[in-house]
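Computed from a prediction, not measured in an experiment: that's the story for all the values here. Each chain gets a letter, A, B and so on, in the order its sequence line appears, and its residues count up from 1.
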Amino acid sequence: MSTPTTHEAAAFAGAALALGDDALVLSQRLGEWAGAAPVLEEEVALANIALDLLGQARVLLSLAGDEDELAFLREERSFRNVQLVEQPNGDFAHTIARQLYFSTYQRLLYGQLAAGDGPFSGLAAKAVKEVAYHQDHAEHWTLRLGDGTAESHDRMQRACDALWRYTGELFQPVDGLDLDHEALESAWLASVTDVLGRATITLPSGPRTGAWAAGAGRQGLHTESFGRMLAEMQHLHRSHPGATW
Amino acid sequence: MTAVTAGTAESTGAPGGSDAAVAAEQAAYEAVFDAAVAADERIEPRDWMPEAYRASLVRQIAQHAHSEIIGMQPEANWITRAPSLRRKAILMAKVQDEAGHGLYLYSAAETLGTSRDELLDKLHSGRQKYSSIFNYPTLTWADVGAIGWLVDGAAITNQVPLCRCSYGPYARAMVRVCKEESFHQRQGYEALLALSRGTEAQHAMAQDAVDRWWWPSLMMFGPPDAESTHTAQAMAWKIKRHSNDELRQRFVDIAVPQAEALGLTLPDPDLRWNEERGHYDFGPIDWTEFWDVLKGNGPCNDQRLSKRRQAHEDGAWVREAAAAYAEKHTGTHGEAQA
């Protein structure tokens with residue numbers, strides 16, 4: 001096997017891991033909502049989105065190795081997800097802001113990948129349909145909360161502001177993903193600016209990356225709450241080494 | 001049933017009619033209703049129905065809807081900790097189905113003129129009940145399997161006859177609910193089988209869960225026939241088709257061979273096949289525990305209701321925002337509800 005092929009295979013596995021971890025971690029966070037959503041329709045919707053993401057994660061992680069070994073037996077520093085998806089749910093506005101930022105990115109990302117002829121195009125073609133619904137869901141709630149009551153407006157504004165600093169990382173190049181990152185970022189910014197404008201939310205003005213953390217999640221640097229999330233997710237699997245479920 | 005249609009029972013009295021005329025009209029409506037029930041026809045929302053029939057249905061459908069949404073809690077307790085991604089996906093889908101069942105059932109209750117808001121208020125204030133089984137805790141992963149096998153199994157035994165319930169919207173909702181429930185039951189059984197055939201620790205976890213869930217599952221069929229306050233009238237109206245004790249026996253007869261196939265035991269020394277009856281005999285149920293849990297003294301009554309109330313209160317600003325937005329943009333409450 002020639003060196004470039006080996007490199008390509010490693011890059012492919014690395015990219016699958018990065019996208020798979022994004023989907024897995026966000027699915028885990030959304031799963032925390034079960035039984036606590038503000039209205040019954042949202043129990044169904046949030047679970048549906050979480051399930052789509054979990055399905056994507058399982059396909060992607062299986063491209064990189066054994067899905068359960070990767071999900072349950074890696075340490076925090078080996079996860080390659082962006083920090084945005086690991087952010088705690090917060091109130092419903094925070095969850096919706098996180099969904100808006102991330103699903104807009106995923107829709108554009110999978111759109112680009114589906115249009116290409118790279119190794120992810122087939123998977124992306126299916127995923128793009130799912131994430132278009134996720135984006136639609138997030139957009140509609142952003143409008144309702146932003147342009148709803150004074151309280152919902154304030155909450156939505158705070159949530160959009162708080163998560164803004166995690167959005168720059170989405171556009172760091174990922175080895176193995178053949179993407180036009182600049183086009184991705186400008187399309188993302190245009191879409192989010194449009195939705196927030198219609199929601200009467202002021203576009204956040206702060207930095208889009210933290211002082212030392214640009215691209216951090218993709219390099220295995222995460223935020224404090226992530227370790228707790230993993231502890232909860234992994235403890236049962238790790239308590240029974242070698243068991244099948 | 002379409003022969004006699006009236007919006008609600010209150011609308012039956014003709015304005016200015018004499019008492020005798022009203023009584024005669026009432027008797028005519030009742031006769032048509034009784035005949036429809038006797039002929040196994042479906043009663044539909046716009047048909048005339050006795051107020052007590054309506055109230056009994058609302059009580060039963062509401063309790064069922066509440067059970068679906070409270071029942072999400074003990075299982076949601078394990079979504080974040082499921083031991084494999086496959087099991088996590090199955091569990092998430094199951095909890096989502098339960099929310100969906102809640103939606104169909106609240107909609108069925110709405111056809112009787114009772115809004116979801118009203119019913120949720122009654123749940124939150126303790127004026128309406130949910131199935132007492134959900135006041136037991138899910139302590140280990142095996143509890144998720146035991147709930148699927150036993151609790152969903154008991155629920156299906158109760159609910160399959162409801163697909164032939166005399167009230168149309170409830171019967172139709174139950175057809176879909178039962179299909180999904182039987183899927184859940186098979187998944188629960190399969191999860192327990194994997195544990196039972198797994199490591200020693202996994203097998204012990206499965207046995208412990210079955211030991212804890214067996215008796216509460218038998219209590220799900222309600223008190224013995226002699227003490228059941230609602231059974232006789234519900235059977236006469238064909239809301240209910242079989243008595244509590246009949247359904248309980250049917251469940252035991254199905255569960256015993258399944259436990260053997262699972263390689264797990266059931267915690268009842270009196271459990272044995274009775275050749276003469278053609279059924280399994282089983283030991284006495286501790287009804288003191290049943291009534292105690294029902295009155296609020298179960299291990300999780302407060303926890304379940306508090307969590308539900310909290311979710312509702314925390315979500316108030318979201319529902320208000322949706323209503324305000326809909327009003328601004330369409331002039332109606334549109335999709336904002338509950």
Inset, instruction - Using non-hydrogen atoms and a 4.5 Å limit, figure out which bit of Ala150(A) sits close to chain B: side chain, backbone, both or neither. - result: neither
Legend entry - Donor + acceptor pair across side chains of His153(A), Asp147(A) (<3.5 Å): no
Inset, instruction - Measure from NZ or CZ of Arg238(A) to the centre of the six-membered ring of Phe72(A) and say whether it is under 6.0 Å with the direction within 45° of the ring axis. - result: no
Legend entry - Sequence-distant partners of Arg176(B), side chain to side chain donor-acceptor pair (under 3.5 Å), two or more places apart: Tyr104(B)
Legend entry - Heavy-atom contact with chain A under 4.5 Å, split by part of Leu195(B): side chain
Inset, instruction - Check each atom of Arg197(B) against the heavy atoms of chain A and say whether the ones under 4.5 Å are side chain, backbone, both or neither. - result: neither
Legend entry - chain A interface, residue from Met92(B), Gln96(B), Lys88(B) that has the most non-hydrogen pairs under 4.5 Å: Gln96(B)
Legend entry - Winner by heavy-atom pair count (cut-off under 4.5 Å) against chain B, out of Leu24(A), Asp91(A), Leu54(A): Leu54(A)
Legend entry - Part of Ser27(A) within contact of chain B (heavy atom distance under 4.5 Å): both
Inset, instruction - Measure centre to centre between the rings of Phe120(A) and Tyr110(A), then say whether the value is under 6.0 Å. - result: no
Inset, instruction - Could you look at Ile96(A) and say if it's the side chain, the backbone, both or neither that has a heavy atom under 4.5 Å from chain B? - result: neither
Inset, instruction - Please check if any side-chain donor atom of Gln83(A) sits under 3.5 Å from a side-chain acceptor atom of His222(A), or the reverse. - result: no
Legend entry - chain A contact via Arg87(B) - side chain, backbone, both or neither, heavy atoms under 4.5 Å: side chain
Legend entry - Residue Ala50(A) versus chain B: region with a heavy atom under 4.5 Å: both
Legend entry - SB check Glu139(A) Arg198(A) (cutoff 4.0 Å): yes
Legend entry - Any donor-acceptor N or O pair under 3.5 Å, side chains Gln159(B), His64(B): yes
Inset, instruction - Let me know if Ser84(B) has heavy atoms under 4.5 Å from chain A in its side chain, its backbone, both or neither. - result: both
Legend entry - Distance under 6.0 Å and angle within 45° of ring axis: Arg155(A) vs Trp317(B): yes
Inset, instruction - Let me know if Leu61(A) has heavy atoms under 4.5 Å from chain B in its side chain, its backbone, both or neither. - result: side chain
Legend entry - His66(B) and Tyr130(B) aromatic centres sub-6.0 Å: no
Legend entry - Ala82(B), part contacting chain A, at a heavy-atom distance under 4.5 Å: backbone
Inset, instruction - Give a yes or no on whether a salt bridge exists between Arg86(B) and Glu190(B), defined as a side-chain N under 4.0 angstrom from a carboxylate O. - result: yes
Inset, instruction - Please look at Phe92(A) and chain B and tell me whether the side chain, the backbone, both or neither of the residue comes under 4.5 angstrom of a heavy atom of that chain. - result: both
Legend entry - Portion of Leu51(A) that has a non-hydrogen atom of chain B nearer than 4.5 angstrom: both
Inset, instruction - Measure the NE2-CD distance between His124(B) and Glu313(B) for me, rounded to the nearest 0.5 Å. - result: 8.5 Å
Inset, instruction - Go through His235(A), Arg29(A), Glu42(A) and name the one with the most non-hydrogen pairs under 4.5 angstrom from chain B. - result: His235(A)
Inset, instruction - Measure distances from Val318(B) to the heavy atoms of chain A and classify the residue's part below 4.5 Å as side chain, backbone, both or neither. - result: both
Legend entry - Under 4.5 Å from a heavy atom of chain B, the part of Trp141(A) involved: side chain
